[in-house]
Structure formats: structure tokens, C-alpha cells
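Inspection log for the structure reproduced underneath, given as C-alpha cells.
Here the structure is a predicted model, which means the values were calculated and not measured. Numbers restart at 1 for each chain; the letters A, B, ... are given by sequence-line order, proteins then strands.
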Amino acid sequence: MPKHFSHFATFEEEDRSTGQLQNCPGWNFPLRETLPAGFNIHSTRATQEPKAFVTPLELGQLVSAIILMREQISQLRDDLENRIPKKPAKSTRTARSRENQGTGDQGKLPLVPSELAIISDAIEASRVIYHAQQSSDDEPGLICSERTWRRAAKTLMDHALAIWEKARLVVKVPMISAGPDNSVDIYWTSAPYGLLLNVPSDEKKPTTYFGDDSTNSNSNQTSGQLVPAKRLDMGILMWLAHTAA
Amino acid sequence: MMSDTWPTEVIPDEDSLFMRVHRNYIKDGQPIPGTFRNHGEGDQDGMSTDWSKYSTAEQTKQRATNPLWQGGVIKMRVEKVREIPQQKVQHAPLDDNRSHTNVKGPKDTKTRYLLMRSWEWAIQFNSSETA
């Protein structure tokens, strides 16, 4: 048996006349005619010194060339990135909603897409209607409770969100103000359409609304009530879609 | 209380009504819907305005009792106000204000909305006055 077959012989005795391993009859392996370079396969022990392919000088040149190529690739990538037009930012949900502060589900604002940030901002800015402090020489303005304001804000955002999700329309920013008897008014005007929504301070009472088309007020108008158990009202949704930008 | 000095008259549709709007009731350059509300009791229950026959917008503004009062004056056509369901325009003169007129009737959501549709500035409030 040639020297380079000695290792195999320790595991499987090969029948040289048939080319089959004794424990694997029927398996025909080609006879090895060359030595593996450096290491004998199936062994971690070097049987001879590996052949050196490059000199240290050549290796240094090779490393330099690789570093240069990497720099060139990096530059090309930067150039390409600058030439490709930037895609618009994907619509993402913002964390603009404020956490409910122990007022139950009614005051909880949903997460909103970035397109509705103008509505979130308007809601946020309207906090003054329950924060308002008046000097003694002023005529007292209308005020509401934070709880009523939260219910109004949620009603507004629920409808704005529903219109966005169904029709990809952003409703016009309304005027949010305190109304009579500590209620909250939400008023839209977008010629010729308009809508006034009043959220009462009494949670058991329904939100009332009225809207019209000023060019045809007698025959083209909407009105109704949104009972506390309902989150959305079709009349409000349809009319708000008219005011959408 | 009604005036003994001045008789009550019928106000024609083509006339106008003036109403003061305090700065606390103005937002984004327009009155808030809550501006339209009733005041007073008994005979004087209603939304307080001045009849254009006996008052100018400036006189209406000057009638504010508080010298530090800040705001504007809006104008509404009587005909427009009367078109709003349940609203009645009634001359209700006071001894010191012959023009005084009440707009009677509930100021519910529909009424306030329609009143929001029927005003225009007679004296616009300049927010820089407050600075």
C-alpha cells in the first residue's frame, strides 16, 4: 500500500483490487494518485511543509491593492447613493398621542399617522381651553373640564383617523373651543361646507352636530347625535370628508 | 327690565344688529361658536345686540362697561337671524340704550352653527392691542 493510503487503512481497509471499502461494499471510490498539499485529509497533523505561493513582498503589494480597491468601492457607493433620488419618508405612526391619565378609555387618543400630525397639533394647542386663566379685569371666557376636552379630542381624532384609513384624506384643522355649559365645540368651515360638533360636559348626553352646504343650505345639510356608546358617526364622517384637504 | 323711556318697535328685516365680541371669544380671527349665547333673565333673556337704527358699531363697542374691555364688534342682518329656526329678534330698549335688542330662542348646536354663518366684522379685533 502506498504511503499516502496508510491513514485510510486505519479506518477502512480498502481492497485495492476492487477499489471498494470493506465495510461499504458496492461503494466505488477513485484511487488517489496525488498527495493533498500541506495536510493530509482527515488529519490535523501536518505531514509536510505547505508550499509558499507568494513572497512577503508580493503579499504586501496584494494587501495595498486590496485597501485601494476597498476605498474605490466605498467612493463609488457614495456617488451612487447621491445620484439615486431619495424616497419620501414612509408613513409612520407617531407617538403624538398622549397617555390617558386615569380618565378611562374615553380620553385615550389613538396613535396617529404622521399625515394627521396637524390634527394632533391642533388638539394639543387647544389645551388652553381648560388651562385658561383670566385676569380680574377680563370678561370671563367659556371654560371646560380636562375630562370633557379629552372626550372631544378623542372624538375628533377617531373621525379624522377613520377618514384617513378609509379614503386617505386629511380633514381640515378645526377650531376647538369651549362651548356653553362647560362643553367643547369643534367647528369646521371649508367653503361651502361647514360642521359644528358639540361635546357636552355630561358624559351620558350625546354629542350633537349640524353641518350644511352654504350654497344649498335648505336641502343639503346634516345633523344628528353621537351617543356615548358609539365611537363613529356616518353623518360626521361623510361631512368631514367634504372638508378634507 | 324694559325701558319706560323708549317705546318698543318692530325691527325690519333689512336692518342689522351689532354685537360686541370679547377677545376671549375670538380665535383665529373669528368669533368662536360659544359667542352666540343667551344672557339675562325674564324679559331680557336672550342674546344681547344693538339695533343699527339707533346705534353704530363704534357706539356698541363703547357701551362695554369695563374700560379695559378689548374685542371686536360683529354685524348680522336681521333677515338672516330670523331665518334661523326658533330665533326671534325683539327690540328691548333700556333707559340708557334705545337700540338694545334681544335675539330670543335656544342657542343649540344648529342655531350656533347657523349664526356662525351669518356674521361679519363691523370692527375687527386687532390682537396686537393686547400686547
With B:Thr109 as partner, the option from A:Thr207, A:Leu196, A:Leu195 fulfilling side chain to side chain contact (heavy atoms under 4.5 Å, CB included) is A:Leu196

In A:Leu142, A:Ile129, A:Ile176, the residue satisfying side chain to side chain contact (heavy atoms under 4.5 Å, CB included) with B:Ile32 is A:Leu142

Tightest non-hydrogen contact, residues A:Gly194 and B:Arg117, listed as N-NH2, 3.2 Å

Here the gap from B:Thr111 atom OG1 to A:Phe210 atom CZ, rounded to the nearest 0.5 Å, amounts to 9.0 Å

Please evaluate residues B:Arg112 and A:Asn198 with respect to the criterion side-chain contact (heavy atoms from CB on, under 4.5 Å), reporting the C-alpha separation (whole Å), side-chain torsions for both, the decisive distance (0.1 Å), and the verdict. CA-CA 10 Å; B:Arg112 292 185 301 117; A:Asn198 179 257; 3.3 Å; yes

When rounded to the nearest 0.5 Å, the distance separating OH of A:Tyr187 from CD of B:Gln30 is 6.0 Å

Here the gap from B:Asn24 atom CG to A:Ser177 atom OG, rounded to the nearest 0.5 Å, amounts to 12.0 Å

If one checks every heavy atom of A:Pro200 against chain B at 4.5 Å, the contacting part turns out to be neither

Original post:
Considering residues, nucleotides and ligands other than B:Asn38, do more than 12 of their heavy atoms fall under 6.0 Å from its CG?
Top reply: yes

When every non-hydrogen atom of A:Asp185 is compared with those of B:Pro33, the smallest separation belongs to OD2-CB, 3.6 Å

Turns out that what part of B:Tyr113 lies under 4.5 Å from chain A's heavy atoms comes down to both

Honestly, the part of A:Thr189 sitting under 4.5 Å from a heavy atom of chain B is side chain

Would one find more than 12 heavy atoms of other residues, nucleotides or ligands at under 6.0 Å from atom NZ of B:Lys75?
-> no

Heavy-atom closest pair (A:Met175 atom, B:Pro31 atom, distance to 0.1 Å) is CE-O, 3.9 Å

When the 4.5 angstrom heavy-atom criterion is applied to A:Ser214 and chain B, the contacting part is both

If you tally heavy-atom pairs under 4.5 Å between each of A:Ala178, A:Gly211, A:Ser223 and chain B, the highest tally belongs to A:Gly211

Checklist entry - Does CD in B:Glu14 sit with more than 12 non-hydrogen atoms of other residues, nucleotides or ligands closer than 6.0 Å? => result yes

